[in-house]
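Numbered from 1 within each chain, the chains take letters A, B, ... in sequence-line order.
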Amino acid sequence: NAGVIQTPRHKVTGKGQEATLWCEPISGHSAVFWYRQTIVQGLEFLTYFRNQAPIDDSGMPKERFSAQMPNQSHSTLKIQSTQPQDSAVYLCASSLDSYEQYFGPGTRLTVL
Amino acid sequence: AQKVTQTQTSISVVEKTTVTMDCVYETRDSSYFLFWYKQTASGEIVFLIRQDSYKKENATVGHYSLNFQKPKSSIGLIITATQIEDSAVYFCAMRERDNMGYKLTFGTGTSLLVDP
């Protein structure tokens, strides 16, 4: 059984460019979460979908960040006009029953 | 707001010994869930073990066990018979049951080095 898949694994963008990160949750999992990890802030919650519906986006920066889940097999996190401070590892996790969350390998975003 | 604190930045032990990692949390909820995750050198985050707040028994999975002290808001992770491959960063996390959903709040992590 494949785990959570995230693509790309690494992405380098120039300041002001757009970045789209993809996540494929574990088949059958109804909840999808996005987190961000940096040295300074640690692991931070960004947003959460349940049965494709957005439930909680309290961790999302108000500007430039958006997330979607158009179908049960993938979710995207889009960052418009990327800034150097957006550089981080972006992690997607999925959960069957909202207890344990299973994490993907992450996408390392570097904004030059 | 919920908060999870891991005060141990790093721990070094000799292989085959037992190690305990500390974690304290703050919550207003009467029902909550506590988790420990491990992040390997490759960056992979792996779920290890979970404790439900309403359960008095300490959870145990393989050579991982928990020391849950609810009055102290403490959830320690105990690893017995440590192995070299246990070297990793260990994160404590909490999930409250609130109206918004089930996000995890993580501690800052404890780096464990197991020496031969």
Are Tyr25(B) and Ile49(B) connected into the same hydrophobic cluster when the rule is that any two of I, L, V, M, F, W, Y join if their side-chain heavy atoms are below 4.5 Å apart? yes
Anything under 3.5 Å between a donor and an acceptor, one on a side chain of residues 68-82 of chain B, the other on a protein residue two or more places apart or in another chain? List them.
from, atom 1, to, atom 2, distance (Å)
Lys70(B), NZ, Ser53(B), O, 3.3
Thr82(B), OG1, Val14(B), O, 3.4
Thr82(B), OG1, Lys16(B), N, 3.3
Thr82(B), OG1, Thr17(B), N, 3.3
Thr82(B), OG1, Thr17(B), O, 2.9

Under 4.5 Å from any heavy atom of chain B - which part of Gln37(A): side chain
Go through the structure and list residues passing side chain to side chain contact (heavy atoms under 4.5 Å, CB included) with Ala19(A), not counting sequence neighbours. Lys11(A), Thr13(A), Thr82(A), Leu109(A)
By a 4.5 Å heavy-atom criterion (distance strictly below it), what part of Leu91(A) contacts chain B: side chain, backbone, both, or neither? side chain
Hydrophobic clusters here meaning ILVMFWY residues chained together by side-chain heavy-atom distances under 4.5 Å, can you tell me if Ile5(A) and Leu21(A) are in one? no
Once you round to the nearest 0.5 Å, how far does CD of Gln101(A) lie from OH of Tyr37(B)? 5.0 Å
If two hydrophobic side chains count as joined below 4.5 Å and joins carry through other members, does Tyr102(A) share a cluster with Tyr35(A)? yes
Neighbours of chain A found in residues 104-116 of chain B - heavy atoms under 4.5 Å: Leu104(B), Phe106(B)
Check whether any side-chain heavy atom of Gln39(B) sits under 4.5 Å from a side-chain heavy atom of Phe103(A), and report yes or no. no
Can you give me the closest heavy-atom contact between Phe47(B) and Glu100(A), atom names plus distance? CZ-CG, 3.0 Å
Leu112(A) atom CG: more than 12 heavy-atom contacts under 6.0 Å: yes
State yes or no: do Val13(B) and Tyr64(B) share one hydrophobic cluster built from I, L, V, M, F, W and Y residues joined by side-chain heavy-atom distances below 4.5 Å, directly or via other members? yes
Nearest-0.5 Å distance, OH of residue Tyr99(A) to CZ of residue Arg95(B): 6.0 Å
Show me the side-chain donor-acceptor pairs of residues 59-75 of chain A shorter than 3.5 Å, one per line, residues at least two apart or across chains.
from, atom 1, to, atom 2, distance (Å)
Arg64(A), NH1, Gln80(A), O, 3.3
Arg64(A), NH1, Ser81(A), O, 3.2
Arg64(A), NH1, Asp86(A), OD2, 2.6
Arg64(A), NH2, Asp86(A), OD1, 3.1
Arg64(A), NH2, Asp86(A), OD2, 3.3
Asn71(A), OD1, Ser73(A), N, 2.9
Asn71(A), OD1, Ser73(A), OG, 2.7
Asn71(A), OD1, His74(A), N, 3.2
Asn71(A), OD1, His74(A), ND1, 3.4
Asn71(A), ND2, His74(A), ND1, 3.4
Ser75(A), OG, Trp34(A), NE1, 2.9
Ser75(A), OG, Gln68(A), O, 2.8

Same cluster for Leu77(A) and Val4(A) if Ile/Leu/Val/Met/Phe/Trp/Tyr side chains link at under 4.5 Å? no
With rounding to the nearest 0.5 Å, note down the distance linking NZ in Lys103(B) to CG in Asp57(A). 10.0 Å
